[in-house]
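This structure is a prediction, so every number in the text was calculated from the model and none was measured. Every heavy atom of this structure was used, including side-chain atoms; hydrogens, water molecules and symmetry mates were not.
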Amino acid sequence: MVVSLDRIKRGRRYSRPELAELWGYASYHALARGVVTPQGDNKIILFVTRDKPDYIEQYRHELVGDILRWEGPTDHFAEERMINHVDHGDEIHVFYRERHHTDFTYEGEFEVVEFELFGDRPSRFVLERNPEN
């Protein structure tokens with residue numbers, strides 16, 4: 001499924017159900033992961049929450065200015081694809097929120113500028129907002 005960001009505006013807030021409808025998904029559950037890679041598309045979409053309730057895995061994420069410090073999921077989903085995104089023509093788009101159960105703000109397209117891969121714990125990434133965004 002090709003996901004269009006034509007109607008998505010940087011700085012605007014979106015819920016997962018709203019995005020699912022815009023992108024033609026039958027349900028928002030397709031967007032329930034923190035990392036979404038629509039099949040047949042060149043996009044990697046990160047849904048990032050800084051402050052999570054205690055019962056949810058506590059990844060450390062922080063967006064300050066144009067820099068996102070992000071820990072990947074423990075299953076290491078899409079890490080290699082993120083690392084090689086520029087070479088493969090993939091785009092990384094970030095939706096960020098401070099607190100769980102609030103809408104996400106579309107922050108734009110980002111690029112991986114640093115990373116540390118770990119097999120036994122979450123890998124760490126530093127992403128920088130694409131200045132053309």
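Every salt bridge (charged side-chain N to carboxylate O under 4.0 Å, His left out) that R33 has, sequence neighbours left out, goes to D75. Remark: S4 engages D6 in a side-chain hydrogen bond (donor to acceptor under 3.5 Å, both in side chains) (not counting sequence neighbours). Every side-chain hydrogen bond (donor to acceptor under 3.5 Å, both in side chains) that R81 has, sequence neighbours left out, goes to D90. For D51, there are no salt bridge (charged side-chain N to carboxylate O under 4.0 Å, His left out) partners two or more places apart in sequence or in a different chain. For R7, there are no salt bridge (charged side-chain N to carboxylate O under 4.0 Å, His left out) partners, not counting sequence neighbours. Residues satisfying the salt bridge (charged side-chain N to carboxylate O under 4.0 Å, His left out) test with R13, not counting sequence neighbours, are none.
Across T105, T49, T102, D103, a single residue satisfies side chain to side chain donor-acceptor pair (under 3.5 Å) together with R97, and that is T49.
Contact record, Y106 with H93: OH-ND1, 2.7 Å, taken as the closest heavy-atom pair. Pairing each heavy atom of L31 with each of A20, the nearest pair is CD1-N, 3.6 Å. When all heavy atoms of A78 and T37 are compared, the closest pair comes out as CB-CG2, 4.1 Å. Summarising the geometry of P122 relative to Y59, their closest heavy-atom pair is CG-CE2, 3.7 Å, with the distance given to 0.1 Å.
Taken from CD in E79 to CZ in F125, the straight-line distance is 4.5 Å, to the nearest 0.5 Å. The CG atom of D41 sits 8.0 Å away from atom CD of E91, with the distance rounded to the nearest 0.5 Å. Remark: F110 CZ to H85 NE2 distance equals 11.5 Å, nearest 0.5 Å.
Taking the centre of each ring, F104 and F47 come in below the 6.0 Å mark.
Below 30°, between 30° and 60°, or above 60°: for W23 and F95 the angle between ring planes is above 60°, a perpendicular geometry.
At a threshold of 4.5 Å between non-hydrogen side-chain atoms, the residues I83 and L117 count as touching.
In the hydrophobic clustering of this structure, I92 groups with F115; members are Ile, Leu, Val, Met, Phe, Trp, Tyr whose side-chain heavy atoms approach within less than 4.5 Å, directly or through other members.
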- Check against salt bridge (charged side-chain N to carboxylate O under 4.0 Å, His left out), E71 and R60: CA-CA 6 Å; E71 285 187 333; R60 287 180 283 176; 3.1 Å; yes
